[in-house]
There are 2 protein chains.
Amino acid sequence: MGQTTEPDFLSALSAADVRRLLAHAEERRFRGRETLFRQGEPIHGLFLIREGTVKVSQLGPDGNEVVMRLAGPGRVIAAVAAFAQPERFPVDAKALDNVATWFWPRPAARELARELPAFAAALTHEISCQTQGIQLRLRELATERVPQRLAHILLRLAEQAGVQDDGAVRIDIPLTKQDLAQMTGTTLFTVSRLLSEWAEKGLVEVGRARVALRSLEGMRRLAAPAQRERG
Amino acid sequence: MGQTTEPDFLSALSAADVRRLLAHAEERRFRGRETLFRQGEPIHGLFLIREGTVKVSQLGPDGNEVVMRLAGPGRVIAAVAAFAQPERFPVDAKALDNVATWFWPRPAARELARELPAFAAALTHEISCQTQGIQLRLRELATERVPQRLAHILLRLAEQAGVQDDGAVRIDIPLTKQDLAQMTGTTLFTVSRLLSEWAEKGLVEVGRARVALRSLEGMRRLAAPAQRERG
DNA sequence: CGAATATTTGATAGCGTTCAAGGTACGTGG
DNA sequence: CCACGTACCTTGAACGCTATCAAATATTCG
C-alpha cells in the first residue's frame, strides 16, 4: 500500500547485479502471523519479499497499532538497513499469509550497497516511495472522513493486489476488519458497519478476512472529495 | 518537527567535502510567505536551510492543506532531488519567516552525490529521518485525540525551536492557529479553544502567531495520558 | 487610518467511538 | 469426521468529541 504499485525491486538492476546480490542472500520463509522483526529490535538486515504480504505497523505506548503499509512481492522491507543510521527497527513487521523472502544480513547489505551503486540507488528509490505513500496517508487521515478514507484504502489495495473473481475485484490479501481499521485510522466496528452497508448496496462483497470490490465506479465516488454546496 | 532534532546536515561531512559542496551552491533567500517551490512543479534542485523555517505541506484536491514538517536551520528540503526518481515535487514549501538557503540545481546535486559518497549518505539519512517523523505523526493522528496531539506537537516544537523567554519556553517560529491546526489534524477553531483553555490554566501563553509553553510538566501530562485502547 | 489577516467565542449537529451482547467461520485434536 | 476453542464478525444504543457555521473582535502593516 502507500507507494503506487512499483515494479519489482530487482527489475531496476542488471542481470549481473542481481546474480551478485542473490549470491549473498539467504532464503527466509514465514507463515501467516509470524513476525519478521519487532519494533525496537536491533536492525539485523533487510528483506526482499518474493511471495506473500507483510504488514508493517507501528505500535504505540498504549498498545495500539497503526499499519504503515502492506508490502507485497517485489518490495523491500527495512531498506535503511543498508545505510548507516538507525540502530533499531522503528516498526513491526508481520506476515499476513505465507511469505517467502530473500534476506541480507546488515553487514552484507552495507557491503553490497557500497559495491553496487545501482543497488544503493534502488534502495533509496524504495525509501522515497514509502515516504510518499505515508505522506499521502497522513493527508487523507487529516482531511477525510472515515468512509472516504476506507474507500481510498480499498481502491489502493485493489490496484495493488486485486484479482478478477466472478465479476468483482477480490483483494488477494487476508485482511481482518481490524487490519482495515488500523489502516484507515478507525475502529473495527466502524469498518464492519460501513462494509455491511456497502455490501447491501452491491458495492462490495465481504467475508471473514476477505473483501472484493464489485463496483470500482461506486468506490471511486465514495473516495472522491465530498461535494460542497455552492452559494 | 517530525525528526528528532538532528544535528546540522553539514556536520556529518568533512571540511573538504563541505568546501566542495558550497563551491557549487547558490545562495537563495526568501521572505515570509514566499514560496520555495510548489507541489506538482518539476523538481529543479534541493535546498539546505541556513536560517529561518520552512513549512512543508501537502495540498489536497479540495484545497485543504496538511503540514508534513517544519524544516529549520541545518535541514535539507527536497533531498530526493539528488537521486533519480520523482519528477515533480510531491509537496509544497513556503517560508514562514525570512529564510536563507543554499541551493543546488538538480544536475549539480546528482553529480555531487555521485562524487561524494558522504553527501549521498547524509541525504539518505535525511530522508529516513523524515520518514520516521511522518510515521510517528501518522500513528499519533490515528490513535490520539486532538488535545493530546496538539500537546505533542507543541512539545516537539519547543524542543526544536524553543527559546527561554521570561520563565517560559517560547516557540521561535511564527505559527498561526491555522498552521497548528494543519499540523495537528484539526481546525483552527479547536486549536484556539484548546490554547485559550490551557492559557487560563497557566500552561501556555498565546498571541497572534505566537505560542510559549509555561509548564512543560503540564504539557507532558496532556500529551501522555488517555488510557484508551484501540488495536 | 483602513485593509488584510488572525483570533475568539457561542450554538448546534452529527460522525464515529465506546460498550455490550451475541453470532459465525475456522482449524485442530480427539 | 466431529467437537470444541479461538478468532473474527455483526448490530444496537448512547454519549461525547469536534467540525461547522456565524458573528464579532483583535492585531498588524502599509
Side-chain angles (χ1 to χ4, degrees), chain A residues 31-34 55 62-66 94 96-98 140-151 173-200 204-212 222 225-231, chain B residues 31-33 55 60 62-66 94 96-98 141-151 173-200 204-211 222 225-231:
Chain A
R31 307 191 150 278
R33 288 151 183 263
E34 259 186 297
K55 180 173 81 167
D62 331 349
N64 46 34
E65 180 178 345
V66 175
K94 281 200 203 66
L96 284 175
D97 43 15
N98 289 337
E140 287 178 359
L141 190 54
T143 62
E144 296 176 354
R145 299 287 171 101
V146 172
Q148 202 178 346
R149 298 206 299 267
L150 182 57
I173 304 173
L175 291 168
T176 66
K177 304 286 178 286
Q178 175 77 286
D179 290 327
L180 290 172
Q182 290 171 348
M183 287 189 242
T184 311
T186 182
T187 63
L188 74 100
F189 307 102
T190 299
V191 169
S192 177
R193 265 184 257 275
L194 283 171
L195 289 183
S196 293
E197 181 187 327
W198 294 349
E200 267 184 26
V204 301
E205 284 170 18
V206 297
R208 184 190 170 99
R210 202 184 75 84
V211 188
L222 287 167
Q227 302 296 346
R228 279 260 165 165
E229 301 289 329
R230 314 191 318 162
Chain B
R31 307 194 151 275
R33 287 148 183 267
K55 179 173 79 166
D62 347 344
N64 46 34
E65 179 179 345
V66 175
K94 282 202 205 61
L96 284 175
D97 43 15
N98 289 337
L141 191 53
T143 62
E144 297 178 353
R145 298 290 167 109
V146 173
Q148 203 178 343
R149 298 207 299 268
L150 181 57
I173 304 173
L175 291 169
T176 66
K177 304 288 178 287
Q178 176 77 292
D179 290 327
L180 289 171
Q182 289 170 347
M183 287 188 242
T184 311
T186 182
T187 63
L188 73 103
F189 307 103
T190 299
V191 169
S192 177
R193 265 185 256 274
L194 283 170
L195 289 182
S196 294
E197 181 188 327
W198 294 349
E200 266 183 27
V204 301
E205 285 169 19
V206 298
R208 185 188 169 101
R210 202 184 75 84
V211 188
L222 287 167
Q227 54 283 27
R228 68 186 59 252
E229 299 249 346
R230 191 201 292 178

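Note on naming: letters A, B, ... go to the chains in the order of the sequence lines (proteins, then strands), and numbering restarts at 1 for each one.
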What's the closest nucleotide to the side chain of T186(A) if the choices are dT10(D), dT17(C), dT20(D)? dT17(C)
In whole angstrom, give the distance that lies between atom CD of Q148(A) and atom C1' of dG16(C). 15 Å
Mind listing the N/O atom pairs, protein and nucleotides 23-28 of chain C, below 3.5 Å?
residue : atom : partner : partner atom : Å
dA25(C) : N3   : R208(A) : NH1          : 3.3

When you measure from the side-chain N and O atoms of K177(A) to the phosphate of dC8(D), is any distance below 4.0 Å, counting only OP1 and OP2? no
Side chains of Q182(A) and K55(A): does their closest heavy-atom pair fall under 4.5 Å? yes
Report the distance from atom CG of L141(A) to atom P of dA19(D), rounded to the nearest whole Å. 12 Å
So M183(B) and R149(B), do their side chains get closer than 4.5 Å, heavy atoms only? no
Whichever of V146(B) and E200(A) has its nearest DNA chain D nucleotide further upstream toward 5': E200(A)
Give T176(A) one of three labels, base, sugar-phosphate or nothing, depending on what nucleic acid heavy atoms sit under 4.0 Å from its own. sugar-phosphate
Proximal nucleotide (of dT7(C), dG16(C), dA22(D)) relative to the F189(B) side chain: dA22(D)
For L175(A) and dC8(D), give me the distance from atom CG to atom P, rounded to whole Å. 12 Å
Taking atom C1' of dC17(D) as reference, at what distance in whole Å does atom CG of L150(B) sit? 15 Å
Across the strands shown, which category fits R210(A) at heavy-atom distances under 4.0 angstrom: base, sugar-phosphate, nothing? nothing
Rounded to the nearest Å, what distance is computed from the CG atom of residue L188(A) to the P atom of nucleotide dG12(D)? 16 Å
On the nucleotide dC17(D), are OP1 or OP2 found under 4.0 Å from the side-chain N or O atoms that T190(B) carries? no
Could you tell me whether the side chain of S196(B) and the main chain of S192(B) form a donor-acceptor pair under 3.5 Å? yes
Do the side-chain N or O atoms of R149(B) get closer than 4.0 angstrom to the phosphate oxygens (OP1, OP2) of dT18(D)? no
Between dC17(D) atom C1' and L194(B) atom CG, what is the distance in whole Å? 11 Å
Heavy atoms only, 4.0 Å cut-off, all strands: where does R193(B) land among base, sugar-phosphate and nothing? base
If I take atom CD in residue Q182(A) and atom P in nucleotide dC9(D), what distance separates them, rounded to the nearest angstrom? 12 Å
Classify the nucleic acid contact of P174(B) as base, sugar-phosphate or nothing, counting any heavy atom under 4.0 Å across all strands shown. nothing
Any side-chain heavy-atom pair of E65(A) and K94(A) under 4.5 Å: yes
Results of side-chain contact (heavy atoms from CB on, under 4.5 Å) for E140(A) - residues two or more places apart only: L136(A), E144(A), H152(A), R156(A)
CG of D97(B) to CG of L175(B): how many Å apart, nearest 0.5 Å? 9.0 Å
If the cut-off is 4.0 Å, is R145(B) near the phosphate of dT18(C), judged by side-chain N/O to OP1 or OP2? yes
Nearest whole angstrom, please: distance from the P of dT28(D) to the CG of D97(B). 16 Å
Between V146(B) and the options V191(B), T186(B), T187(B), the side-chain contact (heavy atoms from CB on, under 4.5 Å) test singles out T186(B)
Phosphate-side-chain proximity, T187(B) and dT18(D), N/O vs OP1/OP2 below 4.0 Å: no
Taking side chain as C-beta onward, heavy atoms only, is L222(A) less than 4.5 Å from Q148(A)? no
